[in-house]
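Before any comments, here is the structure.
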Amino acid sequence: MLAIILIGGKGSRLRPFTCDRPKPLLPLVNRPFLEYQFDLLKAHGIRDVVLCTSYMPAPFKRLLGDGRRLGLRIRYAHERRPLGTGGAVKNCERLIDGPFLVFNGDILSSLDLTGFLRSHRRDRADASIALTRVKDPTLYGLVETDPGGRVRNFVEKPSWDEIRTNTINAGAYIFEPGVLGLIPEGTAHSLERGLFPRLLELRRRLFGYVASGYWMDIGTVEKYLQVHLDIMSGACRPAAGKAAPARKPLGQSGLACGRGVRLGREITWPLDGGQAVLGEGVAVGDFAKFTGHVCVGPRCVIGRGAQLEDCVVLKGTRIGPGATLRRCLVGEGCRIGANASIAAGGAVAGGSVVGPYSVL
Ligand code: GDD
Ligand code: MG
């Protein structure tokens, strides 16, 4: 079965981290995010992937190539001008020869694809939408179904007065090839605002499949941090794949180190179920303290006595002695000065230099 992954968005809500890299390639616990989706596909026997690119296509090709290294067959369908979620799918038409899967490229989930497919077939659906439950549906596509699971209403980014349920579009679909005829060619089109309402108007068989288990859209800075914490705490257990380089499985307290990590004396490691994940070649100075869940990217240097709590530091960053970081994200190749402090909610752009004693 073919899986189409939509990865052409600009990831604007994830700036500054998406200024120089597309969202699906951002590291998540030291692995490119997209690899988690690949693991999920492979866990359900799906190896044929089409990536719909628009914003920054080059890094995908460079990193993933034809997919052989990952045990996949990866092809690319590029849009010179973004065609929207529906136009992107239409742009793959020549590669489609049967029912196919479509994924948003920024979803981390433990969706049971095999169960999803079974339910699609049982319902004899033209299209099926995976659903999940959230507290605030206004940020998503609201999907109302009848007791048999048939979709009755789809409202993208509803206002609060339109909300009558908490099930939303989880960003994963199964389509029969026939629905492609409803998407116009060579022009921008949205699945959410165009195709789904149209299928309902035409009374075609559109079904929802309520997925249990973990689900998160990593599309904002806050959620990007949260998803890191959830993986390290074990709240999210991604599909079996090559986990971040670790001595212990993630989700156990303590320390998980990549190759070539150098550790100083008297370092305090997380207790009470917390975990520090240190990428390859990280150096940690004496008396540093890690609390909660902390992910440090490859080749970072953590200064003497620095304190890190529930935070993420990307590749090649140097944290000065005595600096403190709490519930924040620091991009690649930054220099954080001695005794600087970055508070909850901080998002430091890659390459930034933060002077000593700065308070952010
Ligand atoms: N190729 C291509 N071309 N991909 C695109 C384009 C485009 O023009 N526009 C968006 N995408 C990709 C994005 O890269 C992302 O992976 C996916 O489509 C969804 O876009 P987002 O910008 O992340 O949408 P959203 O998060 O606001 O809402 C969508 O996802 C929710 C679940 O997280 C909708 O599908 C909602 O209905 C859904 O609930
Ligand atoms: Mg999104």
Side-chain angles (χ1 to χ4, degrees), residues 3-15 17-18 21-26 28 32-34 36-37 49-57 59-61 75-93 95 101-109 111 127-144 151 153-158 162-163 165-173 175 183-184 186-197 199-200 206 208-211 214-224 226-227:
I4 293 173
I5 310 185
L6 305 173
I7 54 170
K10 286 197 173 132
S12 4
R13 289 164 295 176
L14 245 170
R15 289 182 193 134
F17 304 108
T18 44
R21 188 178 301 194
K23 172 164 68 170
L25 292 183
L26 287 175
L28 178 55
F33 173 73
L34 213 45
Y36 292 83
Q37 284 199 338
V49 174
V50 176
L51 298 180
C52 295
T53 55
S54 180
Y55 176 66
M56 284 197 185
F60 291 103
K61 289 201 174 153
R75 288 173 290 173
Y76 297 86
H78 181 65
E79 301 145 49
R80 280 205 287 171
R81 258 178 302 133
L83 290 173
T85 50
V89 172
K90 183 73 174 179
N91 193 37
C92 301
E93 193 164 13
L95 306 173
L101 261 167
V102 175
F103 269 100
N104 285 350
D106 60 351
I107 299 303
L108 183 70
S109 82
L111 176 64
S128 298
I129 306 176
L131 308 179
T132 189
R133 296 182 197 281
V134 292
K135 286 201 187 103
D136 180 358
T138 60
L139 307 168
Y140 305 100
L142 185 78
V143 185
E144 277 179 74
V151 176
N153 197 13
F154 188 112
V155 191
E156 183 64 15
K157 310 283 174 345
E162 289 174 295
I163 288 168
T165 173
N166 63 352
T167 45
I168 58 128
N169 167 18
Y173 322 107
F175 291 113
I183 306 178
T187 178
H189 181 86
S190 157
L191 294 175
E192 298 86 345
R193 296 179 198 275
L195 181 69
F196 296 137
L199 285 169
L200 292 175
L206 180 61
Y209 170 80
V210 182
Y214 188 88
W215 182 87
M216 181 83 84
D217 171 333
I218 64 154
T220 64
V221 170
E222 190 192 322
K223 286 179 181 152
Y224 180 45
Q226 188 59 47
V227 97

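In listed order, ligands and their atoms are each counted from 1.
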Considering [options], which one's heavy-atom position lies nearest to [atom]?
atom: atom 8 (O) of ligand 1; options: G84, G141, A188, G8; answer: G84
atom: atom 23 (O) of ligand 1; options: I7, L34, D106; answer: D106
atom: atom 34 (C) of ligand 1; options: E192, K23, H189, H78; answer: E192

Among all protein heavy atoms, pick out the one at the shortest distance from [atom]; state its residue, atom name and that distance to 0.1 Å.
atom: atom 11 (N) of ligand 1; result: G9 N, 3.6 Å
atom: atom 15 (C) of ligand 1; result: L6 O, 3.8 Å
atom: atom 38 (C) of ligand 1; result: N169 O, 3.3 Å

Any nitrogen or oxygen of [X], side chain or backbone, less than 3.5 Å from one on ligand 1?
X: R13; answer: yes
X: D217; answer: yes
X: E79; answer: yes
X: I107; answer: no

Quick one: does ligand 1 sit under 4.0 Å from the side chain of A88, the backbone, both or neither, non-hydrogen atoms only? side chain
For ligand 1, indicate whether the residue F103 contacts it via side chain, backbone, both or neither (heavy-atom separation under 4.0 Å). neither
What do you think, any protein heavy atom under 4.0 angstrom from atom 20 (O) of ligand 1?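 It does not: no protein heavy atom is found less than 4.0 Å away from atom 20 (O) of ligand 1.
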Number of protein N, O or S atoms [distance to the Mg ion (ligand 2) under 2.8 Å]: 2
Would you please name every residue forming a ring pair (Phe, Tyr, Trp, His ring centres under 6.0 Å) with F175, sequence neighbours left out?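 Testing F175 for ring pair (Phe, Tyr, Trp, His ring centres under 6.0 Å), a comparison that skips the adjacent residues, returns F100, Y173.
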